[in-house]
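Proteins get letters first, then strands, A, B, ... in listed order; numbering begins at 1 in each. Just so you know, these numbers use all the heavy atoms, side chains as well, and skip hydrogens, waters and symmetry mates.
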Amino acid sequence: MDPLFANLNPAQCEAVRHVEGPMLVLAGPGSGKTRVVTHRIAHLLREGVRPREILALTFTNKASEEMKLRVETMSPGSRVWVSTFHRFGARLLREYAGFVGLTPNFTIYDTDDSRQTLKRVIEAGKIRTAHYSPDRIAAAISAAKNQLITADRYEPRIGSPLSQIVAEVYPAYQQRLLASSAVDFDDLLLHVANMLYVNDDVRAELDERYRFILVDEYQDTNRAQYVMVRAMSVDHPNLAATGDPDQSIYGWRGADIKNILQFETDFPQVRVVRLEQNYRSTKAVLRVADQLIRSNMRRKAKSLFTDNAEGDPVKLVQYSTQDDEARGIADQIAAGIAAGRRPRDFAIFYRVNALSRVLERGLREHGIPYQMIRGQEFYQRKEIKDVLAYCQLINNPRDDQATLRTINTPVRGIGRKTIDRLSEFAYQHGISLLDACREAGQVEGLNARAIKSVAQFAALIDRLSLLAGAALEEILGTILTETKYREGLQDSESEDDLNRLANIEELLTDARQFDEAHPGGGHLEEYLENAWLVNETDSWETESDKVTMMTLHAAKGLEFPVVFVVAFEQGLLPHERSLNDDEQMEEERRLAFVGITRAKEHLQLSYAVHRDFRGQRRRTVPSPFLLEMPREEMELVSIGAPGGWDVPTDWEDVHDLHDDSHHFEIDPAVDDHGVEAEAPTEDDDSFAFGANAAPAPAKSIPASQVTTAARLAGAKPLAASGISPDAFAQGMTVMHPEHGPGKIVALSGSGANRRATVKFATAGERRFVLAHSPLRPAGR
DNA sequence: TCAGCTCCAATTTTT
DNA sequence: TTGGAGCTGA
């Protein structure tokens, strides 16, 4: 049999066999998407397509590396152009720099550099930003760029003070970037998209050059990326997009899910292939994922299925506290390892990085090796950026940001005042800051000492610039010596500085390796581009045998035998900032979906009743997403929640209680547990766990109706908890294991006879003998 | 210039 | 609770 089609299912075959014309591959999680893409490339090559005519675009370096590797395996020696969008943008821009007002040696600013630049622009222009932080303004500019709105076309919106400010800042910022011959990340796409849009000759040339374009994770493209690939697919509309709208989780970064949802409108003659068979997860895992994502309205319905085993039921665990959660997970991992699993089989996902600390502690206590994946590290470190800034300046002397970074690092007595005067001079004469340094003698207000220091700095840069064509290690080494940067750190005794020194050594090693791969020197720019466009997330140690901890966002594209997703709590997952926006809520749901579908064999979802957040212990509300899952088939577990089950509720219910305070006479008819004889209540919505959990309703329940009652035999009476009945006060919100939160509307008696009348959201008013009741002040 | 203080805010982060 | 930014005094 043809090896290209061996072991492929019919849908996969169809996608692989496709040659000309647009194609959309809707690929569910674990459906063998990468395989399809690489096999298709091999097939195209076999059909006579020249390798250089094929362009495969990905979002991450990781995905790009992976694809390169697999293309190389399938089609050895082929020179298919596999790249990230940004790297591709950078490459085109170097070729066509003049078209957009850049020089080919332009610098790429990372978020930090562009933020600094923005601040300088605001300061220099004395632009009043009201209460808007530079970050807010930067985000707005970035959003505009993602939507392909250039600085000259930005229109402030009436009634939006932020947009008024942006209208002023954005053009100035953009001008400053161009003056420095620099771009920010967004520009790598914006400039290219804009050029293609404006210049049809260039567009046609590139359309011709890249006749076959493949885009991975199409659901994450933003408008600029969309225009890029669209523009290059006019004369040769052989655009193949693969993606999954259900895994679109970067809407907040400008990804426009409409790009994939409307692909068919865009290319009416498109061939649509659905990859719905999942080869990754068990049936049990897949059903939970599928059921959850069905609650999203904005999607292309897909039916996920698998021939894999049924597997264990998905576990949903309620822990009492975050510490219990961490410990409980660590225990399970330790037990798993003892039973023969490898640490690398396990992964823990969370919504926000802040949740990682307690989990780390749990693993450390067990001595379990782990690795945490966090974005941007190495190249973001101060010392690395300092040294690279010199390289940047050698490569692009107009780069004012690099000049500012290096001019007094290490300290050479050039202070703020001096720099301000130099900047002013540069601005007035329309020259770069470095040129201003060369003319320090002409600058008004500089004293002799300052002039000397500045002149020395300029001379230093000129000296270093002679090295531009040398090997990287030599360039970096010379910088470190000539600037006395290394000396300064070596003399220090602080641990931080020793660390910095170690990092710098690492940079030198890095440079040496680069030199080995790029013999002959003259590759400074290439090296810098790597530093700019690569971050440490990409160096995730796939091989090392450790438990992996990462955010849900970082988890996309990965898979693990055993997965834990923690903190399924209202406010965290979904995140509080998404709660009042339907579209954002759907994105949060997709995020949960992504996390769930990473699991191959075992999956545990959990939440904690109490969580310390921002220094405060809070009682949590379980995530509404849990209600959208098929709980009747999941294994529901409650661990270490003494005497008090958490009660998910809607805060409005609690507020309602405060409006209403009837007083009732004490009714002595109370039972042994201090609870009044059971009155018929409207059946709760059963967010119940355990043996007597009620079957879950088939349809999902909106968050506002979540009113749980977790029935638990043996909720401890107050007397056994050490809380005094006197701890209660009129108007206080209390928790009841069955009825949930309630407000105390009346109190009477004292000590063991102290009674309370409590009004509950759904159960109405009840009376309790406090000492015998399971009531607790809210939050305890 | 820099250390040390106070105050404030607090996702996610492909590049 | 933590971390960053901005301010102040030496």
Side-chain angles (χ1 to χ4, degrees), chain A residues 57-65 83-90 108-116 119 131 133-136 138-139 142 145-146 183-190 215-222 224-225 247-255 322 349-358 373-377 379-380 408-419 494 529-538 540 550-557 567 571-579 584 587-588 590-592 594-595 611-618:
Chain A
L57 293 171
T58 65
F59 281 82
T60 63
N61 292 301
K62 193 169 64 186
S64 156
E65 289 308 313
S83 162
T84 63
F85 266 102
H86 288 84
R87 198 178 278 267
F88 176 70
I108 302 170
Y109 283 172
D110 66 11
T111 317
D112 196 54
D113 290 328
S114 62
R115 205 55 42 90
Q116 298 296 331
K119 281 187 195 162
H131 54 278
S133 66
D135 279 359
R136 284 286 299 281
S142 176
K145 287 185 172 184
N146 287 157
V183 298
D184 61 22
F185 285 138
D186 298 319
D187 283 340
L188 289 173
L189 309 173
L190 175 78
V215 181
D216 198 24
E217 308 278 13
Y218 194 72
Q219 76 279 355
D220 288 331
T221 47
N222 61 32
Q225 287 158 330
Q247 292 184 65
S248 164
I249 53 176
Y250 285 102
W252 52 276
R253 263 195 110 283
Q322 55 181 3
F349 304 146
Y350 33 81
R351 177 65 233 266
V352 296
N353 280 309
L355 293 171
S356 67
R357 182 162 297 165
V358 62
I373 311 301
R374 302 193 73 153
Q376 38 161 259
E377 281 282 299
Y379 290 115
Q380 304 292 325
N408 198 35
T409 313
V411 179
R412 49 177 75 92
I414 304 178
R416 170 116 205 172
K417 271 268 156 57
T418 307
I419 294 172
S494 87
E529 193 155 303
N530 254 330
W532 293 324
L533 296 179
V534 173
N535 70 50
E536 210 174 28
T537 313
D538 304 319
W540 175 52
M550 58 172 87
T551 62
L552 287 162
H553 282 89
K556 196 167 72 163
L572 278 170
L573 181 60
H575 193 271
E576 57 187 337
R577 299 224 175 164
S578 303
L579 291 178
Q584 286 186 50
E587 183 154 315
E588 296 286 316
R590 291 193 291 269
L591 205 44
V594 166
R611 185 170 299 278
D612 295 335
F613 207 59
R614 296 185 195 154
Q616 293 216 310
R617 173 153 291 205
R618 299 243 191 91

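- Ionic pairing of A:Glu576 and A:Arg618 is not present here: no N-O contact between side-chain nitrogen and carboxylate oxygen is shorter than 4.0 angstrom.
- In the interface, the side chain of A:Arg614 is not paired with the base of C:dT1 through any donor and acceptor atom under 3.5 Å apart.
- A close approach under 4.0 Å does occur between a side-chain nitrogen or oxygen of A:Arg357 and OP1 or OP2 of C:dG3.
- For A:Asn61 and B:dT14, the shortest distance from a side-chain N or O to OP1 or OP2 is not below 4.0 Å.
- Taking the side chain of A:Trp252 as heavy atoms from C-beta on, and the options B:dT15, B:dT12, B:dT14, the nearest nucleotide is B:dT12.
- Rounded to a whole Å, the CG atom of A:Asn146 is 12 Å from the C1' atom of B:dT14.
- Computed from coordinates, the A:Arg351 CZ to B:dA10 P distance equals 15 Å when rounded to whole Å.
- Note on A:Asp186: nothing from the nucleic acid sits closer than 4.0 angstrom, heavy atoms only.
- Contact between the side-chain N/O atoms of A:Thr58 and the OP1/OP2 oxygens of B:dT14 is not found at any separation under 4.0 Å.
- Classification of A:Glu587 and A:Arg590 as a salt-bridged pair holds, one side-chain N sitting under 4.0 Å from a carboxylate O.
- Ranking B:dT13, B:dT14, B:dC2 by closeness to the A:Asp220 side chain, first place goes to B:dT14.
- Applying the 5.5 angstrom centroid cut-off and the 30 degree plane-angle cut-off, the aromatic ring of A:Phe85 is not stacked upon the base of B:dT14.
- With B:dT14, B:dT11, B:dT13 as the choices, the nucleotide that has an atom nearest any side-chain atom of A:Val352 turns out to be B:dT11.
- In the interface, the side chain of A:Arg577 is not paired with the base of B:dT11 through any donor and acceptor atom under 3.5 Å apart.
- For B:dT13, one of the phosphate oxygens OP1 or OP2 lies less than 4.0 angstrom from a side-chain nitrogen or oxygen of A:Asn353.
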